[in-house]
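Proteins come first, then strands; the chains are lettered A, B, ... in the order of their sequence lines, and each starts at number 1. Every heavy atom of this structure was used, including side-chain atoms; hydrogens, water molecules and symmetry mates were not.
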Amino acid sequence: MLPSQMQSLRHVTTAHLAQTMTLLSLAVDELRQQIDSELSTNPALEMLEERRCPVCQRPLPAKGPCPVCSCPNEVDSNDPIVYISPREDFYSKGDMFEDDDFKDGPSTPDNEDLPTYVLKQIVGEFDKNSQKIGAFLLVNLNEDGFLKIELIEAARYFNVPLSQVERVHQAIMHADPPGVGARNPKEALLVQIEMLEETGIVPPFVKLVVEEGMDLLSRHQYSTLAKQLDASLKQIKLAATFIQDNLNPYPARAHWGEQSHHPSDRSNVFHQPDVIISVVNNGKENRLFVEVILPLCGTLQINPMFRQAIRGAEEDSRYDMKMDLEKASLFVKCLQQRNHTMLRLMQQVVTTQKEFILHGDKHLKPITRAHISKELEVHESTISRAVANKAVQLPNGRIIPLASFFDRSLNIRTVLKTIIENEPRPLSDTELSGLLVKEGFEVARRTVAKYRAMERILPAHLRTSVVRK
DNA sequence: CTATGGCACGGATT
DNA sequence: AATCCGTGCCATAG
């Protein structure tokens, strides 16, 4: 073997490592870009257009949904299903991933197609029929994101019971952006409040204000409002600022983030999850269904024609072609490795965090990347890369960074929140610390303060005592 | 005097 | 090696 060839080989193997690492740390949209560019520059690569059902492994029809495949394919065990999914747009409407680069700023739901965006989030939960209903509803949104038809109309149109339409409608409103598809600002706000209640503390009276006093609220007549609701002016003002800061009566006008948001907390809003977790309620047991999104609908492979062409090629062009071939197979391998790692990672994470995924923040187990890396027998940095910049969508529609699965204090914080919610008088940090220790969480008084800050909970003397009627 | 927020240090995590 | 996080000490506000 010639030294130059040796060198190129070695070069290739180190490149292999490097590329695997970079691929691993890419999020879906970045990965898609990468694949596209590789595909267009390297003639040795080709894509085999093919979609297989992830569960039953049968090829899918070119079009049409198969989120949870319709062939009942029972593999019963309690283990979560984890698989690599081909591309997430079950409803492909043309190719929305054209060359329209990121030049015109980050993609917001505004320049995406809102109906499609929302639809993608809910298809997993429903059968074909309900999906159609969802699509129908979403098409009939106005520019503010409100539903401009009555639910009954939809029910008549599809000839299904109203309750079914209502279920779909609920799912839509709970998708991102929260409250989309509501029939009026009030409904949107209520949905948002409901969703916030799951994760954070909503000050007293907020709900009541929205329910009873929308018009007064919009006219800033706080004192009247206070009288009417039998609350203090302070409480009403608190509620009002909360509404202004955290809620959005017009869900589709997505100028939601980036305002007075404190530096801590509040994950950036990810619009494209790398992993989607849903529950399959297969009769008896809730089984988790995890898909790692792959921005491809087919298999990447070496073009066999290209191999042949090499043999008949001229001597001088041969070298270049060989390099291309090397690069192509390298890329494919790296991609496989990435998928493999992601798969194992998710398998592990989902298994240990099942409770959290199903039942909320309180059940998050404080796990570290180091721990996972030991389980999987890979280097810590591998896990770090795999976790970084990724987003996962939970069954309830929330999209959170994958890193939150490794939050060391989220569980304590939520316990703290519930304590504060339930104790009738404002407790000082010291008292809270004591209570937490009783629950089995050893935290110093100072730390309680930090957690409070993270959750944007006001200090005791500014907290209004809980409503008592 | 008590309750909190700020700063900074040390150990864990990445 | 760089960063994050819990915690202690101290100053300040109520």
Task: Nearest-nucleotide pick for A:Val443, side chain only, options being B:dT14, B:dA3, C:dT7 - done: C:dT7
Open item on the list: Here's a test for you: under side chain to side chain contact (heavy atoms under 4.5 Å, CB included), which of A:Thr447, A:Val448, A:Val443, A:Asp407 qualifies with A:Ile412?
Closed with: A:Val443
Open item on the list: Check this one for me: any side-chain N or O of A:Arg452 less than 4.0 Å away from OP1 or OP2 of B:dG5?
Closed with: yes
Task: Value in whole Å for how far the C1' atom of C:dG6 lies from CG of A:Leu432 - done: 17 Å
TODO: Determine whether A:Phe405 and A:Ile367 make a side-chain contact, defined as any pair of heavy atoms from C-beta on separated by less than 4.5 Å.
DONE: no
- [ ] Could you check how far CD of A:Glu442 sits from C1' of C:dC5, rounded to whole Å?
- [x] 17 Å
Open item on the list: What is the distance, to the nearest angstrom, from the CZ atom on A:Arg369 to the P atom on B:dA12?
Closed with: 17 Å
Open item on the list: Let me spell it out: for each of A:Leu458 and A:Arg408, pick the nucleotide of DNA chain B with the closest heavy atom. Which residue's pick is nearer the 5' end?
Closed with: A:Leu458
TODO: Using the test salt bridge (charged side-chain N to carboxylate O under 4.0 Å, His left out), find all partners of A:Asp324 that sit at least two apart in sequence or belong to another chain.
DONE: none
Open item on the list: I need the CG-P distance between A:Asp407 and C:dG6, as an integer number of Å.
Closed with: 8 Å
- [ ] Check every atom of C:dG6, B:dT4, B:dT14 against the side chain of A:Met454 and return the nucleotide holding the closest atom.
- [x] C:dG6
TODO: Specify the closest pair of heavy atoms between A:Gly181 and A:Ile172, including all atoms of both residues, with the distance to one decimal.
DONE: CA-CG2, 4.4 Å
- [ ] For A:Ala370 and for A:Ala449, locate the closest nucleotide of DNA chain B by heavy-atom distance; then report the residue assigned to the nucleotide nearer the 5' terminus.
- [x] A:Ala449
Open item on the list: Check this one for me: any side-chain N or O of A:Thr447 less than 4.0 Å away from OP1 or OP2 of C:dT7?
Closed with: yes
TODO: Round to the nearest Å and state the distance from A:Lys450 atom NZ to B:dG5 atom P.
DONE: 10 Å
Open item on the list: On the nucleotide C:dG6, are OP1 or OP2 found under 4.0 Å from the side-chain N or O atoms that A:Tyr451 carries?
Closed with: yes
TODO: Between B:dA8, B:dT14, B:dT4, spot the one nearest the side chain of A:Glu380, thanks.
DONE: B:dT14
TODO: Choose from B:dT14, C:dG8, C:dG6 the nucleotide whose nearest atom is closest to any side-chain atom of A:Ser409.
DONE: C:dG6
TODO: Calculate the interatomic distance between A:Leu410 atom CG and C:dC4 atom C1'; express it in whole Å.
DONE: 16 Å
- [ ] Specify the separation, in whole Å, of atom NE2 of A:His379 and atom C1' of B:dT13.
- [x] 13 Å
Open item on the list: Ignoring hydrogens and geometry beyond distance, is a side-chain donor-acceptor pair present between A:Glu194 and A:His174 at under 3.5 Å?
Closed with: yes
TODO: Please check if any side-chain donor atom of A:Glu431 sits under 3.5 Å from a side-chain acceptor atom of A:Ser428, or the reverse.
DONE: yes
Open item on the list: Check A:Arg413 with A:Glu455, please: is the shortest side-chain N to carboxylate O separation under 4.0 Å?
Closed with: yes
Task: A:Leu376 CG - B:dT14 C1' separation (whole Å) - done: 17 Å
What N/O pairs connect the protein and nucleotides 9-14 of chain C at under 3.5 Å? Give each pair on its own line.
none

